[in-house]
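Take a look at the structure set out below.
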Amino acid sequence: MVTTNIDPCHHRAVLFDMDGVITDTATVHSAAWKRLFDQYLADRTRTPGEDHRPFSDADYTQYVDGKPRVDGVLDFLSSRGITLPRGSADDDIGLETGHGLGKLKDRYFRDALASTGALLFDDAEPLIGSLRRHGIRTAVISASRNCARVLEQAGAAQLFDVRVDGVLADELGLPGKPDPAVFLEATRRLDTPASASVVVEDAQAGVQAARIGGFGLVIGVARTGPPSRLLEAGADAVVSALSDVSVAESAERRLSEVPDGLDRWDEIADRLQGRRPVLLLDFDGTLAPIRDDPTKVTMPLKAREVLQRLARNCPVAILSGRDLQDVRRRVRIDGLWYAGSHGFELAGPDDAPITQQAGDSALPDLDDAERLLSSELEPVPGARVDRKRFALAVHYRNVRPDDVDHVISTVDRIGGAFPSLRTAQGRRVVELLPDIDWNKGRALRWLLDRMGLSGTAVVPVFAGDDYTDEDALREIHEDGIGLVVRSAEHGDRLTWAHYSVDNPRSLIALLARFASLAETA
Ligand SMILES: O=P(O)(O)OC[C@H]1O[C@H](O[C@H]2O[C@H](CO)[C@@H](O)[C@H](O)[C@H]2O)[C@H](O)[C@@H](O)[C@@H]1O
């Protein structure tokens with residue numbers, strides 16, 4: 001059995017295809033298509049080059065499933081050597097056009113629905129309920145113009161924050177799947193980028209659309225039949241039922257629920273008793289306050305003093321999203337370990353770079369993506385493309401609010417075209433990174449091993465402020481102390497941190513207590 005996890009730490013919205021995923025209506029559609037095409041092909045005069053064999057399950061999957069009705073008519077008939085005009089929405093029912101035959105299929109579908117009713121799959125409501133309890137928003141997507149009617153009949157209309165169906169797609173002129181437009185419209189309405197959203201789909205065209213759209217996780221649902229057709233279309237995982245999809249049980253809390261580290265210093269000191277802290281610290285938003293221009297950021301004097309004190313008594317590493325050289329230049333303290341590009345580039349205190357080879361294969365794609373993004377975003381005032389060795393950041397802090405969606409979806413689209421890259425969200429920044437299982441959490445553990453500091457005699461202490469820091473906070477959740485610098489930029493989001501502080505200045509005050517403790521140990 002394949003199971004897969006939706007992680008509230010990374011996924012903020014889930015988009016469900018309707019027919020065959022949440023409602024047991026794919027078979028009703030399939031039967032209506034079969035009735036239409038079998039009758040049409042049997043009545044049509046035989047002409048050389050045309051194939052009049054009955055409509056099969058494979059035809060449904062390959063030519064019709066997930067597509068807008070008229071596209072389904074034309075694509076299937078074209079596969080049989082028959083070309084019909086598209087026609088128009090005014091065409092009479094049954095006329096030999098895409099619209100005319102589409103209307104007939106719809107009549108068959110509605111007749112069948114009226115007699116069978118629409119049923120919600122048993123496994124749909126438990127998953128959707130669990131997602132909503134974890135604060136994950138939900139959308140239902142369907143090429144069907146009958147979507148609202150089906151949801152109503154199935155008693156499922158209230159389960160979704162957003163609905164993008166065939167009626168809305170026509171109104172907005174959105175192309176059907178495999179174009180990602182309907183999915184991207186849903187993310188726009190949910191106010192969540194594609195990279196932080198999950199698509200759950202049973203149609204090949206839908207899986208392809210989600211892949212092209214740069215979605216963070218694409219889950220295929222193959223309730224019957226082999227998973228291979230959805231894996232080949234680009235699904236990350238294929239399950240046979242929604243009960244095989246779980247929402248990661250986590251020890252996370254909302255930022256507002258995490259106790260203040262300065263208030264709970266005694267508790268922190270107790271956790272350290274007799275053990276040596278290893279400080280692993282993020283840079284922007286953590287040691288240095290956020291500024292509009294990333295090139296103007298400097299580390300406050302107080303932070304420098306505290307880091308120097310710490311470095312005299314315990315190991316200290318800086319783990320930053322910045323380019324390795326860039327962050328070293330801004331920190332400039334000897335004896336520290338450094339990780340740049342979110343952990344893809346590492347350097348020890350002796351200056352020797354210890355690059356993670358894993359990211360190397362993505363370098364040509366990062367170069368191409370950089371060229372494309374620089375030229376596409378050049379006309380957007382305030383958009384800044386920042387190339388690091390192993391990452392490409394697009395900053396939108398200074399972009400007009402009306403242009404922000406455009407910037408994010410451009411990065412999602414261009415990133416989605418490179419299989420070796422993935423997108424990651426940060427504070428008013430969206431980044432492309434090598435799509436391998438490596439992040440600040442993995443880099444943190446790797447550094448500890450490299451420093452020879454694993455085991456119970458040391459306590460890893462990590463501090464960060466952003467989504468990418470959550471990988472490190474999660475990594476040390478069991479054996480370390482996680483500190484988060486609160487910010488309102490992502491609302492009252494979930495975090496793996498044990499303690500929080502108000503801002504970088506409060507963090508420095510807390511780090512000074514670590515330094516004092518280390519000096520007296
Ligand atoms: O992991 P970090 O050290 O926190 O690096 C994450 C990103 O930080 C920088 O961007 C952030 O700070 C900028 C300056 O304050 C701010 O303008 C921007 O909006 C923030 O996202 C840095 O420029 C990026 O390269 C890092 O990936």
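Just so it is clear, the values below take in all heavy atoms, side chains as well, and ignore hydrogens, waters and symmetry mates. We count ligands from 1, going down the list as the structure has it; atoms in each ligand are counted the same way. We're numbering straight along the sequence, starting at 1.
Here side-chain hydrogen bond (donor to acceptor under 3.5 Å, both in side chains) pairs that include residues 406-418, with residues two or more places apart or in two chains, are Glu376-Arg413.
Ligand 1 has Glu431 within reach: a non-hydrogen atom of the residue lies less than 4.0 Å from it. Heavy-atom distances between Asp466 and ligand 1 stay at or above 4.0 Å for every pair. The shell of residues lying under 4.0 angstrom from ligand 1, judged by heavy atoms, excludes Thr468.
Under 3.5 Å, the side chains of Arg389 and Ser341 contain no donor-acceptor pair of N or O atoms. In the model, Asp465 has no side-chain atom that pairs as donor or acceptor with a side-chain atom of Ser487 under 3.5 Å. No hydrogens or angles considered: nothing links the side chains of Asp165 and Ser142 as a donor-acceptor pair under 3.5 Å. Side chains of His342 and Glu431: a donor-acceptor N/O pair is present below 3.5 angstrom, by distance only.
Inclusion of Asp469 in the set of residues having an N or O under 3.5 Å from an N or O of ligand 1 is not warranted.
Here the heavy atom of the protein found nearest to atom 13 (C) of ligand 1 is Arg291 O, 3.9 Å. For atom 24 (C) of ligand 1, the closest heavy atom belonging to the protein is Lys388 NZ, 3.7 Å. At the top of the distance list for atom 20 (C) of ligand 1, counting protein heavy atoms only, stands Arg427 O, 3.3 Å.
Heavy-atom contacts of Lys440 reach the following atoms of ligand 1: 1 (O), 2 (P) (cutoff under 4.0 Å). For ligand 1 and Asp282, the ligand atoms under 4.0 Å from any heavy atom of the residue are 1 (O), 2 (P), 3 (O), 4 (O).
Shown here are the ring-ring contact (aromatic ring centres under 6.0 Å, His included) partners of Phe183, two or more places apart in sequence or in another chain: Phe215.
In this structure, Pro364 and Ser420 have side chains that are not in contact, with every pair of non-hydrogen atoms separated by 4.5 Å or more.
Of the listed options Asp284, Ile318, Val485, Asp284 places a heavy atom closest to atom 9 (C) of ligand 1.
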